[in-house]
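Take a look at the structure below.
Just so it is clear, the values below take in all heavy atoms, side chains as well, and ignore hydrogens, waters and symmetry mates.
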Amino acid sequence: CALPISAKEEGLPELITWMNAHGLAPTVSDWSAGVAPEIASRPEVRVTIADAHVIALEWERLKRMTETASWGAQDYLRGAYLARARRPLQGDAAAEAAWQGAVDAAQKDPDALEHLARTTQGFGWKYKTEDVLWRRLPLEPRSPSWVVESLWERALDHGNAGQLASISRAFSQLDSKHARTRDSAITARMLSGTNEQSLSEFAISLHKANPTDVVLTLIHALALHRQGQTPVAQADRKSTRLNSSH
């Protein structure tokens, strides 16, 4: 059964997206073979059809639509969907080969890397999403907030002080609200004992870079306290109260 949409219909991507979100992806996957080639090749249409195949677990159909023809400027997406299809059909090695092609195609384009990361998020591939976002981060002075926040959460989970420092610099390019979100997360993690040592080290280095920030001074005091340096922490708190009173 072919989709009852003419070649001039501009609402097809939105229709397919709606169907995918409302349990009708298997229907879209079945119908896709009847979509005219000139329609199916439109970038916004082929991505929604690929999404339907993923949701419907129609790996053979997804593999057929992604393993031959180029997707032009979006060939990085073709590689990602091909990797998704190959994993259950051919195993990890075949999937990784396709995935590397996707990364290579997007490598120097911030928008392509961001699109690729959102696609892998939809696949549930958090480590691949993280890798792509790390590749994107240095390409622009100011990254979108969702990129920074996503990497921040992953860096917190890893307890990697170097990654935390890199993300902290990215936070400094965002507004103060995001910086306070970062500071609250550091405090909460330290209080819970999660990745305590690396977080404490990071909090101390963050304070050294921003010695006049009252919130960071308090976090610094907490970090010192967690490291057993209570007298120094008390001195820091006293200094903060004096500074705040002026």
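With salt bridges taken as basic N to acidic carboxylate O contacts below 4.0 Å, none links R42 and E38.
D30 has its side chain within reach of R61: a pair of non-hydrogen atoms, C-beta onward, lies under 4.5 Å apart. Residues I49 and H53 have side chains in contact (heavy-atom distance under 4.5 Å, counting atoms from C-beta outward). A heavy-atom distance below 4.5 Å is not found between the side chains of R46 and P13. Here the side chains of T120 and W99 are in contact, with some heavy-atom distance below 4.5 Å.
Inspection of the H158 and E130 side chains reveals an N or O donor paired with an N or O acceptor under 3.5 Å.
The stretch residues 119-141 participates, sequence neighbours left out, in these ring pair (Phe, Tyr, Trp, His ring centres under 6.0 Å) pairs: Y81-F123, F123-W125.
Among all heavy-atom pairs drawn from A106 and L116, the shortest one is CB-CD2, 4.1 Å. Taking both residues in full, the closest heavy atoms of L89 and K63 are given as CD1-CD, 3.7 Å, listed atom of the first, atom of the second, then distance. Nearest heavy-atom pair across V47 and Q74 is CG2-OE1, 4.1 Å.
A donor-acceptor contact shorter than 3.5 Å links the side chain of R86 to the backbone of A94. Distance alone, capped at 3.5 Å, is enough to place a donor-acceptor pair between the R78 side chain and the T66 backbone.
Listed by chain and residue number, K128 satisfy the side chain to side chain donor-acceptor pair (under 3.5 Å) test with E96 (two or more places apart in sequence, or in another chain). Scanning for ring-ring contact (aromatic ring centres under 6.0 Å, His included) contacts around W18 gives H22, with sequence neighbours left out.
D51 contributes atom CG, which lies 7.5 Å from atom OG1 of T119 (distance to the nearest 0.5 angstrom). In this structure, CD1 in I167 is found 10.5 Å from CD in E149, a value given to the nearest 0.5 Å.
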Kindly determine whether T129 and L133 satisfy side-chain contact (heavy atoms from CB on, under 4.5 Å), including the steps that lead there. CA-CA 6 Å; T129 300; L133 292 180; 4.1 Å; yes

I would like to know whether E114 and W146 meet side-chain hydrogen bond (donor to acceptor under 3.5 Å, both in side chains); could you show each step before the answer? CA-CA 10 Å; E114 189 174 340; W146 83 270; 2.8 Å; yes

